[in-house]
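Every chain is numbered from 1 and lettered A, B, ... according to where its sequence line falls, protein lines coming before strand lines. What you see below is based on every heavy atom in this structure, not just the backbone, and it leaves out hydrogens, waters and symmetry mates.
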Amino acid sequence: MSKPSLARGTRDFGPETMVKRTFIFDQIKKVYQKYGFLPLETPAIENLSVLMGKYGEEGDQLLFKILNSGDFAKDITNNDLENGSKEILRKVSEKGLKYDLTVPFARYVVMNRHQLAMPFKRFQIQPVWRADRPQKGRYREFYQCDADVVGTESLICEAEIVTMLHEIFENLGVSEFVIKINNRKILSGITETIGAKGKEVDLCVAIDKLDKIGKEKVEEELLQRGFNAENISKLQTLFTLPITQAAMFSTLKNWLKDSEIGILGVQELEEIWILVDKMQLQNPKIAFDPSLARGLSYYTGAIFEVKALNVSIGSISGGGRYDNLTGTFGMPGLSGVGISLGVDRIYDVMEELGIFPEQLQLSSTKVMVTNFGDETLSKSLETVAILRQKGINSEIYPENSKIKKQFEYADKKKIPFVVILGTEEIEKEIYLIKNMKTGEQSTLTLNQLKESLDV
RNA sequence: GAGGUUAUAGCUCAGUUGGUUAGAGCACUGGUUUGUGGUGCCGGGGGUCGUGGGUUCGAGCCCCAUUAGCCUCCCCA
């Protein structure tokens, strides 16, 4: 006999947790649908040919690969063994667990391109798997809640993502957050302008630490990453950007005026700000963050990240625009933009802030009816049936146990009301109902009972 | 992938320089004038101290290995 244990980086979700998780899922789904996104599900398992090469070399390593069924080792030769794991992998595994929802979505779009109404808006809420090293807020199996729209370059989509995120987080009660926005084109523009074209990634990694380590240390790091003194002196504008958005945009445009792509990026960004304003969003929690890069290499335009404030977790959502996601599946030129919410992290944030609605603590059962055996059982069963017909969540205690036990059960399950039906009550044709929170008991008629429990 | 840290009851943790039957709180369970839970009182069960080796007369404590959790970096939801 072995002790039971969970696979590394995975979790069980008990009833209390599931109630809260379901609440988060429901809120997200509700808003996605409100904005016209349609549901989609794709398999947990995909062919490795679909998955490999989409997330960079590191991503390939983080993919969970599935061993072929049957004698998976039958095709391996001694030669393969000498050539190392890559050769062997091709022969023992041809499927893997999906790593995110975007790539399977791209595959779906390509395979169904003729049926889909373009632009196609879909949302998808499913688990994904990464063979990463587990850490705080980071698991090997976790849910993503994606919403993407493909087949249009309209910046309305970006703006809608911004307003949609506001609505979702406000519905959840996460009121302190900021949507950081950047644009890959601006990053390219900056590197072009400072004379370090193509070094966007190094630039981002360094300036990302600006808040933490300060400007001097960032400049040191830039030197280490192969930027020269001239590059860095030209970068100074970035450290002194104006706070107000109008001034900020004009400074950026002036700074990047010699970079066509950079200017385009700023214009896109500005347009998003304008559209968000036209969409009547009051006090938008959006901020341009030039250090925002995001790991996934397929982003080409806007990049989003949502950060919860005053909590240790941080990033709870990310996304951006990709111009050629479906290109690797033979369908070039299809632009899309999407957002992904991390439920697990949102859960942790809400838990840390203690903002889950109180009624989620309670059982979904509203009434428990007692069971005192043969003499009273039929009345109890009848009562519970009537309550259910009324649409009231109710249950009967399944065994003829001591009343103490039945109350303990109701208490443990946090059922707010218990209807006590003993011989006395049945004779008098009354229903004795106890409020478990206050301890008050009252005798009611059937109609009064139904009324008092009505929502 | 690199580094740090922890592992003792279901949970959170004590456990002295190595020394006899390893403790607490919470949880669980039984009772408390038998038709009343959550608060009181009395009792009870439960740990081969993560796993495998080693040192020692003797290891929860020291050494090595291993596994898992947590944290930092990298990367990410």
Side-chain angles (χ1 to χ4, degrees), chain A residues 2-11 14 24 28 55-63 98-102 124-146 201-202 204-206 208-209 212-213 221 292-297 299 303-308 312-320 338-349 368 370-373 375-376 397 400-426 432-441 443:
Chain A
S2 65
K3 275 188 190 171
S5 64
L6 283 167
R8 192 173 193 192
T10 65
R11 299 149 300 157
I24 298 174
I28 294 172
Y55 310 105
E57 201 170 319
E58 189 143 4
D60 284 354
Q61 283 194 321
L62 296 180
L63 280 171
K98 67 170 169 252
Y99 181 90
D100 73 356
L101 301 179
T102 312
Q124 193 170 353
I125 299 179
Q126 287 191 269
V128 300
W129 294 266
R130 295 183 190 179
D132 207 351
R133 188 169 185 154
Q135 256 184 62
K136 183 174 189 178
R138 202 159 167 187
Y139 310 96
R140 287 184 150 182
E141 179 186 65
F142 61 95
Y143 275 74
Q144 287 190 330
C145 305
D146 280 22
V201 175
D202 284 302
C204 284
V205 171
D208 182 40
K209 297 174 184 163
K212 282 186 196 165
I213 62 178
E221 176 147 355
L292 185 63
R294 310 219 82 240
L296 298 174
S297 48
Y299 291 123
I303 311 169
F304 303 103
E305 189 164 296
V306 181
K307 189 161 168 20
S312 56
I313 303 279
S315 171
I316 48 179
S317 172
I339 193 75
S340 178
L341 300 181
V343 196
D344 303 275
R345 287 192 176 180
I346 293 172
Y347 182 98
D348 289 345
V349 165
M368 188 196 82
T370 57
N371 175 352
F372 296 124
E375 268 183 77
T376 60
Y397 192 84
N400 171 16
S401 303
K402 279 196 238 174
I403 192 164
K404 183 183 168 77
K405 253 203 140 141
Q406 304 195 25
F407 270 102
E408 277 172 357
Y409 172 84
D411 181 50
K412 207 174 285 182
K413 267 189 92 171
K414 298 203 170 78
I415 297 171
F417 297 99
V418 173
V419 171
I420 304 156
L421 284 176
T423 47
E424 241 177 84
E425 285 78 12
I426 293 171
L432 184 57
I433 184 168
K434 173 159 180 162
N435 180 326
M436 293 297 280
K437 201 171 175 186
T438 62
E440 282 166 17
Q441 292 189 177
T443 54

Whole-Å distance between [N] [atom2] and [X] [atom1]?
{"X": "A:K405", "N": "B:G38", "atom1": "NZ", "atom2": "C1'", "result": "17 Å"}
{"X": "A:E408", "N": "B:G37", "atom1": "CD", "atom2": "C1'", "result": "6 Å"}
{"X": "A:Q135", "N": "B:G3", "atom1": "CD", "atom2": "C1'", "result": "12 Å"}

[atom1]-based separation of [M] from [N] [nearest Å]:
{"N": "B:A22", "M": "B:U48", "atom1": "P", "result": "12 Å"}
{"N": "B:C64", "M": "B:C28", "atom1": "C1'", "result": "39 Å"}
{"N": "B:C70", "M": "B:U12", "atom1": "P", "result": "12 Å"}
{"N": "B:U8", "M": "B:U51", "atom1": "C1'", "result": "14 Å"}
{"N": "B:A14", "M": "B:U6", "atom1": "C1'", "result": "16 Å"}

**Message:** Base of B:U36, side chain of A:K404 - is there a donor-acceptor contact under 3.5 Å?
**Reply:** no

**Request:** Classify the side chain of A:Q441 and the base of B:G35 as holding, or not holding, a donor-acceptor pair under 3.5 Å.
**Result:** no

Looking for any heavy atom pair under 4.0 Å, which part of the strands does [X] touch: base, sugar-phosphate only, or nothing?
{"X": "A:K402", "result": "sugar-phosphate"}
{"X": "A:G439", "result": "base"}
{"X": "A:I420", "result": "base"}

**Under 3.5 Å: donor-acceptor pair, side chain of A:D344, backbone of A:Y143** = yes

**Message:** For the backbone of A:L421 and the side chain of A:T370, can you confirm whether one donor and one acceptor N or O come within less than 3.5 Å of each other?
**Reply:** yes

Compare the minimum distances between each of [options] and the side chain of [X], then state the nucleotide with the smallest one.
{"X": "A:Y139", "options": "B:A77, B:U29, B:A68", "answer": "B:A77"}
{"X": "A:K434", "options": "B:A77, B:U36, B:G35", "answer": "B:U36"}
{"X": "A:D411", "options": "B:G38, B:U36, B:A68", "answer": "B:G38"}

Pairing partner (Watson-Crick or G-U wobble, both distances under 3.5 angstrom) of [N]:
{"N": "B:U39", "result": "none"}
{"N": "B:A68", "result": "B:U6"}
{"N": "B:G1", "result": "B:C73"}
{"N": "B:C11", "result": "B:G25"}

**Message:** Tell me whether A:F142 and B:A77 count as stacked here, given that the ring centres must be under 5.5 Å apart and the planes must differ by less than 30 degrees.
**Reply:** yes

**Asked** Under 4.0 Å: is that the gap between some side-chain N or O of A:R133 and OP1 or OP2 of B:G1?
**Response** no

**Asked** Just wondering, more than 12 heavy atoms not from A:Q441 lying within 6.0 Å of its CD?
**Response** yes

